[in-house]
Peer 1: 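What follows is a structure written as structure tokens; I'll ask about it next.
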Amino acid sequence: MNYSECDIGMVGLGVMGRNLVLNFGDHGFSIVGFDKDKSKVEELNKEAGTRKVFGTSSLAEFIKSLKKPKAVMMLVPAGAPVDSVIEDVLPYLEQGDLIIDGGNSHFTDTNKRFKELSDKGIHFLGVGISGGESGARFGPSMMPGGPEKAYERVKSIFEAAAAKFNNENCVIYLGPGSAGHYVKMVHNGIEYGLMQIISEAYDLMKRGIGLNNQQIQEIFSRWNRGKLQSYLIEITADIFSKKDQDSDYQLIDKILDEAKQKGTGKWTSEEAMEMQVPLPTIDAAVSMRDMSSFKLEREQSSKILYGPDQRIETDYEPFVKQLEDAVYFAMIAAYSQGMTMLKVASKEYNYNLNLKNVAKIWRGGCIIRASLLEIISNAYEKNPNLPNLFIDDVLSKEILNSQDEIRAIIKSAVESGIPVPGLMASLAYFDSYRSEWLPANLVQAQRDYFGAHTYERVDEKGTFHTQWNHV
Ligand code: 6PG
């Protein structure tokens with residue numbers, strides 16, 4: 001079935017694009033989908049059912065089916081494919097039409113495209129979308145950025161399709177320009193941090209105290225009913241119950257220990273360095289994905305470089321309880337780092353972000369959804385200018401109440417030779433953030449010694465230089 005007055009068009013009918021089209025269609029909107037790949041178009045048409053949805057591989061027909069002013073959304077891989085879609089559709093668009101990029105584009109590309117398109121009178125929205133395939137189909141978290149007026153045109157469609165949390169939509173307009181893609185980038189940075197922390201907990205349970213997959217599955221399930229309740233803990237429990245189809249093993253034991261990445265976590269770390277915001281937990285997560293890919297070298301070095309035998313002698317239950325607290329501590333640290341980065345970026349790029357809203361739309365639909373986000377959104381409700389989540393009255397208690405546990409867990413990990421850089425970086429972030437004094441005076445002195453870079457004094461204003469040695 002064809003419609004000539006579609007509310008919105010979708011370019012890119014891969015799994016994400018198709019699912020989002022069907023989701024829009026479920027809510028009564030009329031949508032035309034376009035893909036050069038005819039099999040993807042057929043798949044959409046087969047699934048469309050009674051929805052006002054259809055696909056085509058003719059760009060002319062796609063454009064003709066849109067009501068005016070036209071709204072063209074795309075869900076294609078980040079980078080060159082986005083530019084090529086823009087290039088393809090641009091000749092068919094008129095002033096006042098709207099292009100929406102729903103992929104994981106780098107925010108600097110979004111800024112560039114925004115400028116180029118607004119010079120031509122075309123509106124552009126950069127929308128971060130999280131939740132994977134099932135999120136797209138049944139309710140993602142959506143992070144829209146760009147001109148607010150342009151967002152108003154698609155607001156009702158996005159609100160209908162977004163995940164709901166306590167009857168609130170997990171989509172709120174975030175800010176101008178690349179605000180949406182920036183927030184999505186940081187979401188993914190936090191995602192990397194959480195995944196690393198969880199995998200360290202797995203390592204401590206597996207190599208440290210020798211638990212089997214079923215025991216690990218039970219622990220993650222239990223954790224998911226407590227303060228760690230989150231999507232990532234939930235799917236982790238599921239992963240440990242999956243059998244391999246081709247052997248008698250659990251699937252997890254047949255998966256190679258080399259993690260791939262598309263790079264959004266790395267972008268977060270790069271951008272944080274650029275803005276000089278510390279993100280040690282997220283940096284550690286990016287580094288550990290990189291370290292995982294040195295598989296061959298790790299295999300070789302494991303035969304030469306020895307250390308403790310990676311066994312932790314301890315009572316099972318108290319250790320698992322300590323570990324739960326340690327994971328909780330580190331998760332709070334990962335969110336704190338990401339939110340602090342957003343606070344700085346909001347000022348730097350004039351996004352005017354409302355961090356309470358960011359936390360709110362992450363409570364449902366997205367990969368980092370967690371019950372902790374309710375506490376985080378309350379923290380920003382109480383104080384929109386909160387400098388760091390660690391000093392919120394509720395979260396500071398949570399952190400202080402679990403610091404002995406994360407210290408104990410890290411001690412066990414160090415003594416047994418199990419690498420826990422995510423947990424360590426989280427604790428060091430806390431210990432440095434709460435340090436009135438840090439040894440950076442020595443760094444200043446060293447810089448001045450070898451490079452005459454000058455230093456500041458604690459007892460007098462100004463910059464000083466000392467002739468440290470006599471040459
Ligand atoms: C999401 C995910 C999604 C995607 C990541 C994976 O929020 O739905 O973050 O965007 O799965 O791009 O990222 P890596 O390939 O870098 O792990």
Side-chain angles (χ1 to χ4, degrees), residues 12 14-20 23 73-79 81-82 100-107 109-110 126-145 158 161-163 165 170-171 174 178-199 230-236 238-239 255-272 279 281-293 331 334-335 338 341-342 358-370 373 422:
V15 191
M16 290 292 287
R18 185 177 73 245
N19 281 353
L20 201 57
N23 182 351
M73 182 163 184
M74 68 179 105
L75 262 171
V76 298
V82 175
I100 304 164
D101 173 13
N104 270 339
S105 290
H106 195 283
F107 75 98
D109 287 340
T110 301
V127 182
I129 300 183
S130 177
E133 293 173 25
S134 83
R137 182 67 189 84
F138 302 108
S141 167
M142 301 170 96
M143 295 151 246
F158 282 16
F165 186 89
C170 293
V171 58
L174 292 178
S178 52
H181 277 148
Y182 199 97
V183 170
K184 178 59 175 36
M185 173 184 76
V186 175
H187 165 285
N188 279 34
I190 297 171
E191 174 184 303
Y192 272 52
L194 303 180
M195 291 165 78
Q196 175 62 27
I197 294 160
I198 295 171
S199 62
S230 57
Y231 174 72
L232 283 169
I233 294 281
E234 179 193 327
I235 64 163
T236 302
D238 275 0
I239 287 168
I255 296 180
L256 186 66
D257 57 326
E258 259 187 80
K260 299 282 179 287
Q261 51 181 310
K262 288 198 200 112
T264 40
K266 185 184 80 163
W267 293 349
T268 311
S269 282
E270 284 171 347
E271 165 64 8
L279 279 186
T281 307
I282 295 168
D283 295 339
V286 176
S287 290
M288 286 308 278
R289 290 219 192 172
D290 296 339
M291 179 58 96
S292 79
S293 71
M331 283 188 169
Y335 284 106
M341 177 170 178
L342 288 179
V358 172
K360 276 179 108 174
I361 62 174
W362 285 351
R363 291 174 307 167
C366 69
I367 305 296
I368 65 167
R369 63 185 185 257
L373 280 159

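In listed order, ligands and their atoms are each counted from 1.
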Peer 1: With Arg369 as the cation and Phe165 as the aromatic partner, state whether NZ or CZ is under 6.0 Å from the six-membered ring centre and within 45° of the axis.
Peer 2: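 Pair Arg369/Phe165 does not count as cation-pi.
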Peer 1: Going by the order shown, which atoms of ligand 1 are within less than 4.0 Å of some heavy atom of Arg289?
Peer 2: 14 (P), 17 (O)
Peer 1: Using a strict cut-off of 4.0 Å, indicate which atoms of ligand 1 neighbour a heavy atom of Ile367.
Peer 2: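 Result: 1 (C), 2 (C), 7 (O), 8 (O).
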Peer 1: Specify the protein heavy atom at minimum distance from atom 14 (P) of ligand 1: its residue, its atom name, and the distance to 0.1 Å.
Peer 2: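 Protein heavy atom at minimum distance: Lys262 N, 3.4 Å.
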Peer 1: Where do Ser230 and Ala370 come nearest, in terms of heavy atoms and distance?
Peer 2: CB-CB, 3.5 Å
Peer 1: Check whether any N or O atom of Lys184, backbone or side chain, sits under 3.5 Å from an N or O atom of ligand 1, and answer yes or no.
Peer 2: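 Between Lys184 and ligand 1 (N or O atoms, distance only) the closest approach is under 3.5 Å.
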Peer 1: Could you check atom 2 (C) of ligand 1 against the protein and tell me its nearest heavy-atom contact, residue, atom and distance included?
Peer 2: Glu191 OE1, 3.5 Å
Peer 1: Just to confirm my output: which protein heavy-atom neighbour is closest to atom 16 (O) of ligand 1, and how far is it?
Peer 2: Tyr192 OH, 2.4 Å
Peer 1: What protein heavy atom sits nearest atom 7 (O) of ligand 1, and how far away is it?
Peer 2: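 Protein heavy atom at minimum distance: Ser130 OG, 2.5 Å.
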Peer 1: Go through ligand 1 atom by atom and flag the ones less than 4.0 Å from a non-hydrogen atom of His187.
Peer 2: 7 (O)
Peer 1: Looking at Gln261, which atoms of ligand 1 are within less than 4.0 Å of one of its heavy atoms?
Peer 2: 15 (O), 16 (O)
Peer 1: Which heavy atom of Ala78 sits nearest to which heavy atom of Asn104, and what is that distance?
Peer 2: CB-O, 3.2 Å
Peer 1: Can you tell me how far CE of Met341 sits from OH of Tyr182, rounded to the nearest 0.5 angstrom?
Peer 2: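 Here the rounded value is 3.5 Å.
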Peer 1: Counting non-hydrogen protein atoms only, what is the nearest one to atom 5 (C) of ligand 1? Give residue, atom name and distance.
Peer 2: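 Sorting protein heavy atoms by distance from atom 5 (C) of ligand 1 puts Asn188 ND2, 3.7 Å first.
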Peer 1: Can you measure from CG (Leu373) to CZ (Arg363) and round to the nearest 0.5 angstrom?
Peer 2: 8.5 Å
Peer 1: Please check if atom CD in Glu258 has more than 12 non-hydrogen atoms from other residues, nucleotides or ligands closer than 6.0 Å.
Peer 2: yes
Peer 1: Is the closest heavy-atom distance from Cys366 to ligand 1 below 4.0 Å?
Peer 2: no
Peer 1: I'd like to check atom 9 (O) of ligand 1 in this structure: does the protein have a heavy atom lying under 4.0 Å from it?
Peer 2: yes
Peer 1: Within this structure, what is the OG-CD1 distance for the pair Ser269 and Ile282, rounded to the nearest 0.5 Å?
Peer 2: 6.5 Å
Peer 1: Hey, which atoms in ligand 1 end up nearer than 4.0 Å to a heavy atom of Gly263?
Peer 2: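 Once the distances to Gly263 are compared, the set is 16 (O).
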Peer 1: Report the distance from atom OG of Ser141 to atom CD1 of Ile129, rounding to the nearest 0.5 Å.
Peer 2: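 Taking OG in Ser141 and CD1 in Ile129, the distance rounds to 9.5 Å.
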Peer 1: Indicate yes or no: does an N/O atom of Gly132 lie under 3.5 Å from an N/O atom of ligand 1?
Peer 2: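 Yes: some nitrogen or oxygen of Gly132 is under 3.5 Å from one in ligand 1.
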Peer 1: Let me confirm one number: the CG-CE distance from Leu174 to Met142, rounded to the nearest 0.5 Å.
Peer 2: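 Those atoms lie 11.5 Å apart.
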Peer 1: Check this for me - ligand 1, Ile129, N or O atoms closer than 3.5 angstrom, yes or no?
Peer 2: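 For ligand 1, there is no N or O atom that lies under 3.5 Å from one belonging to Ile129.
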Peer 1: Which heavy atom in Asp101 sits nearest to a heavy atom in Val82, and how many Å separate them?
Peer 2: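 Looks like OD2-CG1, 3.7 Å.
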Peer 1: Quick check for you: to the nearest 0.5 Å, what is the distance between Lys184 atom NZ and His181 atom NE2?
Peer 2: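 The NE2 atom of His181 is 8.5 Å from NZ of Lys184, to the nearest 0.5 Å.
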Peer 1: Just need the protein heavy atom nearest to atom 13 (O) of ligand 1, so name the residue and atom and give the distance.
Peer 2: Thr264 OG1, 4.0 Å
Peer 1: To which protein heavy atom is atom 12 (O) of ligand 1 closest, and what is the distance rounded to 0.1 Å?
Peer 2: Asn104 ND2, 3.2 Å
